[in-house]
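Worksheet: one structure, shown below.
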There are 2 protein chains.
Amino acid sequence: MSIRHSLLALLASDSAYGYQLRARFETLTGSVWPLNIGQVYTTLARLERDGLVVGAGSDDEGRIIYRLTGPGRDELALWWSSPVGRSARPRDELAIKIALAVTDPTIDAAAILQTQRSDTMRSLQDLTKLKRHTEQDEVAWRLVLESMIFNAEAEIRWLDHCESTLLREAHRRPEVGRPPGPSEPTPQNATARGTGAPA
Amino acid sequence: MSIRHSLLALLASDSAYGYQLRARFETLTGSVWPLNIGQVYTTLARLERDGLVVGAGSDDEGRIIYRLTGPGRDELALWWSSPVGRSARPRDELAIKIALAVTDPTIDAAAILQTQRSDTMRSLQDLTKLKRHTEQDEVAWRLVLESMIFNAEAEIRWLDHCESTLLREAHRRPEVGRPPGPSEPTPQNATARGTGAPA
DNA sequence: TGCGCCTTACATACCGGGTATATATACCGA
DNA sequence: TCGGTATATATACCCGGTATGTAAGGCGCA
């Protein structure tokens with residue numbers, strides 16, 4: 001529901017038409033998470049259907065100006081007042097993938113952790129470089145960037161934690177489910193190979 | 001695309017029917033992210049449509065057993081070998097919300113940061129409590145839990161960082177965009193009020 | 001025996017998010 | 001004037017997610 005409320009919030013400051021809303025959103029988040037224009041129009045249509053905005057005809061050009069209604073303001077106030085719950089968040093694909101990898105004895109989980117780590121490390125460096133080039137008056141964009149940096153750092157810490165857990169497990173019960181002979185019916189080799197983590 | 005690949009991965013170890021797949025998935029992730037049974041069947045239907053699995057008739061009961069095809073194994077190998085990119089991730093609703101809040105002068109961003117912080121703190125404590133009650137042989141579930149803990153910790157650090165940035169900003173350019181007189185055309189008071197953050 | 005209830009198992013309707021594409025106008029430079 | 005780019009709206013389609021429907025089998029109990 002994040003687009004829905006974002007549009008409401010943007011409309012609270014000032015009425016606007018679809019294209020304008022996308023532009024505002026993108027300057028906010030510096031165009032990470034590019035917002036597809038189609039979503040803006042479909043979401044606006046739903047908001048109008050639900051009575052949260054009204055699309056007042058055209059301005060001097062043929063553009064459709066949307067503005068908040070009373071219920072729209074109520075809905076927005078509710079959003080501002082309630083925290084973003086952890087249950088509201090989408091499934092974490094990486095966590096699931098690693099969970100699957102460490103469970104399946106035919107998968108080389110250590111190699112997967114390595115490739116993931118170096119990839120995350122690389123994007124962490126990209127983000128840090130990006131941060132150095134932001135103007136100090138773009139506060140919102142800067143905070144979004146730093147959010148991604150904090151998340152990437154947490155991810156690296158977690159991956160390291162997974163690796164040491166894996167080693168401890170291998171020590172605790174060595175060669176579980178991994179037959180010594182080359183008699184796998186389904187080889188399923190993990191082709192993942194780390195390019196080497198910087199650190 | 002995380003369900004799609006999760007089902008492929010689960011089917012790689014052993015052929016199964018839909019209901020069974022959900023059960024396996026839920027023991028993996030300890031039923032955070034509960035997987036709706038409907039999604040399993042629709043996803044299986046799409047996988048069969050795309051030739052990645054085949055639904056071989058019925059077993060001794062009337063159940064439809066799915067198993068991986070060659071292309072299915074290829075697709076799965078590709079998934080294992082490629083890291084989860086940061087661009088593949090969904091929009092972060094919290095980051096967007098805070099970005100919107102700090103940009104809109106009519107919103108009390110500090111209050112929102114406070115409520116969010118105490119909420120996240122609360123779930124962090126819940127997660128830590130949960131972790132204490134996990135058996136040591138449930139490795140996958142434990143790692144998923146710890147992933148959520150690491151993320152919650154990063155979120156708290158980020159929220160604190162936002163708060164200090166906000167204070168610095170307020171000092172750098174005091175009362176920007178906030179007219180001294182009570183002449184707002186649209187009041188839009190943030191009703192958010194912190195319940196008081198621990199620590 | 002039969003009624004109700006739970007679990008297992010599959011299926012479908014519906015909504016929102018996300019992407020790609022179609023269409024039209026305006027402007028600008030070669 | 002032709003083509004490319006920016007502006008602006010709209011629509012088709014897929015996937016993820018939720019709720020609901022349906023049906024068979026097992027279990028308890030009056």
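Quick note: numbers below take in every heavy atom, side chains included, and nothing from hydrogens, waters or symmetry partners. Letters go in sequence order (proteins before strands), and every chain restarts at 1.
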Check whether any side-chain N or O of [X] sits under 3.5 Å from a backbone N or O of [Y] as a donor-acceptor pair, and report yes or no.
X	Y	answer
B/E48	B/G55	yes
B/D50	B/L52	no
A/E93	B/R89	no

Between [N] and [X], is there an OP1 or OP2 to side-chain N/O distance shorter than 4.0 Å?
X	N	value
B/Y41	C/dA11	no
B/R4	D/dG16	no
A/R46	C/dG16	yes
B/R91	C/dG18	yes

Sugar-phosphate, base or nothing in reach of B/R49, heavy atoms under 4.0 Å: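 It contacts sugar-phosphate atoms only.
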
Look at all strands and tell whether A/G38 reaches a base, only sugar-phosphate, or nothing, counting heavy atoms closer than 4.0 Å. base

Nearest whole angstrom, please: distance from the [atom2] of [N] to the [atom1] of [X].
X	N	atom1	atom2	answer
A/Y66	D/dA8	OH	P	14 Å
B/Y19	D/dA24	OH	C1'	13 Å
A/L44	D/dA8	CG	P	14 Å
A/R89	D/dG17	CZ	P	16 Å
B/R24	C/dT8	CZ	P	15 Å
B/R63	D/dG25	CZ	P	12 Å
B/I64	D/dA23	CD1	P	16 Å
B/Q20	C/dT7	CD	C1'	15 Å

For DNA chain D, whose closest nucleotide is more 5', that of B/I37 or that of B/T42? B/T42

Just compare [options] and give me whichever is closest to any side-chain atom of [X].
X	options	result
A/I3	C/dG17, D/dT9, D/dC15	C/dG17
A/N36	C/dA9, C/dT19, D/dA10	C/dT19
B/Y17	C/dG16, C/dA9, D/dT9	C/dA9
B/Q39	C/dC10, C/dG16, D/dG16	D/dG16
B/D50	C/dA9, D/dA8, D/dC15	D/dC15

Pair A/E75 + A/R4: basic N to acidic O under 4.0 Å: no

With a 4.0 Å cut-off, would you call A/E153 and A/R157 a salt bridge?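 Salt bridge absent between A/E153 and A/R157.
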
